[in-house]
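Here's the structure we're looking at; comments come further down.
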Amino acid sequence: QVQLVESGGGLVQPGGSLRLSCVASGFTLQYYNIGWFRQAPGKEQEGVSCISDRDGSTYYADAVKGRFTVSRDNAKNTVYLQMNSLKPEDTAVYYCKRASPNTPLQGMCDMDDTFGSRGQGTQVTVSS
């Protein structure tokens with residue numbers, strides 16, 4: 001079964017850190033661009049960060065630039081999202097999705113130019 005499974009979320013205080021993982025099954029992750037998206041209650045989904053399949057190029061939304069870092073370990077079929085200096089407005093369910101390898105990263109993130117359905121996601125709550 002082709003799927004992406006997110007994990008690593010939790011409750012953290014403002015200023016804290018979390019590392020999310022996105023593990024692929026049923027396909028080889030290294031051949032796809034992978035993006036992290038999030039959706040807060042009552043809000044539309046937004047792109048957070050995207051990473052290319054080959055050279056590891058990255059894109060970040062302005063809201064997370066300088067605080068979040070996306071990386072991939074193709075040997076483990078996994079993409080990570082390191083989140084530092086977390087803010088209450090980062091509270092959301094985080095999802096990972098895939099795109100074709102030639103998809104421009106900004107479009108992939110900003111326009112959700114991906115395919116496949118979302119997984120269950122992982123909840124991130126930033127609160128004191």
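Atom CH2 of Trp36 sits about 4.5 Å away from atom CG of Leu20, to the nearest 0.5 Å. Distance check, rounded to the nearest 0.5 Å: NZ of Lys65 to OG1 of Thr58 gives 9.5 Å. Taken to the nearest 0.5 Å, the OG1 atom of Thr69 stands 8.0 Å off from the CG atom of Leu81. Between the SG atom of Cys22 and the CG atom of Leu4 there is a distance of 4.0 Å, given to the nearest 0.5 Å. Here Asn77 contributes atom CG and Ser25 contributes atom OG; the two are 8.5 Å apart, rounded to the nearest 0.5 Å. In this structure, Asp53 CG and Thr28 OG1 are separated by 12.0 Å, a value rounded to the nearest 0.5 Å.
Just one residue in the list Thr114, Leu105, Asn33 forms a side chain to side chain contact (heavy atoms under 4.5 Å, CB included) with Cys50, and that residue is Leu105.
Across Ala92 and Ala40, no two heavy atoms sit closer than the pair CB-N, 3.8 Å. Contact record, Leu29 with Asn74: CD2-OD1, 3.8 Å, taken as the closest heavy-atom pair. Of all the heavy atoms in Gln39 and Lys43, the pair that sits closest is NE2-O, 3.0 Å. The two residues Gly119 and Tyr95 come nearest to each other via the heavy atoms O-CE2, 3.4 Å. Across every non-hydrogen atom of Thr78 and Ser21, the tightest pair is CG2-CB, 4.2 Å. Between Met108 and Phe37 the shortest heavy-atom distance is O-CZ, 3.5 Å.
When hydrophobic clusters are built by joining Ile, Leu, Val, Met, Phe, Trp and Tyr residues whose side-chain heavy atoms come closer than 4.5 Å, directly or via intermediates, Val93 is not grouped with Leu86. Hydrophobic cluster membership differs between Leu18 and Val5, with clusters built from Ile, Leu, Val, Met, Phe, Trp and Tyr side chains linked at under 4.5 angstrom. Follow the hydrophobic side-chain contacts under 4.5 Å out from Tyr80 and you never reach Val12; the two are in separate clusters. Taking hydrophobic clusters as Ile, Leu, Val, Met, Phe, Trp and Tyr residues chained together by side-chain heavy-atom distances below 4.5 Å, Tyr59 does not share a cluster with Ile34. At a threshold of 4.5 Å between side-chain heavy atoms, the hydrophobic network of Ile, Leu, Val, Met, Phe, Trp and Tyr places Val79 and Phe68 in one connected group.
For Gln30, there are no side-chain hydrogen bond (donor to acceptor under 3.5 Å, both in side chains) partners at least two apart in sequence or on another chain. Here Asp55 pairs with nothing under the salt bridge (charged side-chain N to carboxylate O under 4.0 Å, His left out) rule; sequence neighbours left out. Applying the side-chain hydrogen bond (donor to acceptor under 3.5 Å, both in side chains) criterion to Ser49, with sequence neighbours excluded, gives no partner residue. Checked against salt bridge (charged side-chain N to carboxylate O under 4.0 Å, His left out), Arg38 has the following partners two or more places apart in sequence or in another chain: Glu46, Asp90. Scored by the side-chain hydrogen bond (donor to acceptor under 3.5 Å, both in side chains) test, Ser71 finds no partners at all (sequence neighbours excluded). Gln45 is linked by a side-chain hydrogen bond (donor to acceptor under 3.5 Å, both in side chains) to Asp112, Arg118, counting only residues two or more places apart in sequence or in another chain.
The number of heavy atoms from other shown groups lying within 6.0 Å of CD (Gln3) is above 12. Counted within 6.0 Å of CD on Glu44, heavy atoms from surrounding residues, nucleotides or ligands total 12 or fewer; the atom is thus considered open. Annotation for Phe115: atom CZ counts as buried by contact number, over 12 foreign heavy atoms lying within 6.0 Å.
Put simply, the side chain of Leu11 does not reach to within 4.5 Å of the side chain of Gln123, judged on heavy atoms. Taking the side chain as every heavy atom from C-beta outward, Met83 and Val126 never approach each other to under 4.5 Å.
Under a 3.5 Å cut-off, the side chain of Ser52 and the backbone N or O of Ser57 do form a donor-acceptor pair. Put simply, the side chain of Tyr32 never gets that close to the backbone of Lys97: no donor and acceptor are under 3.5 Å apart. In terms of modelled atom types and a separation under 3.5 Å, the side chain of Thr125 and the main chain of Thr91 share no donor-acceptor contact.
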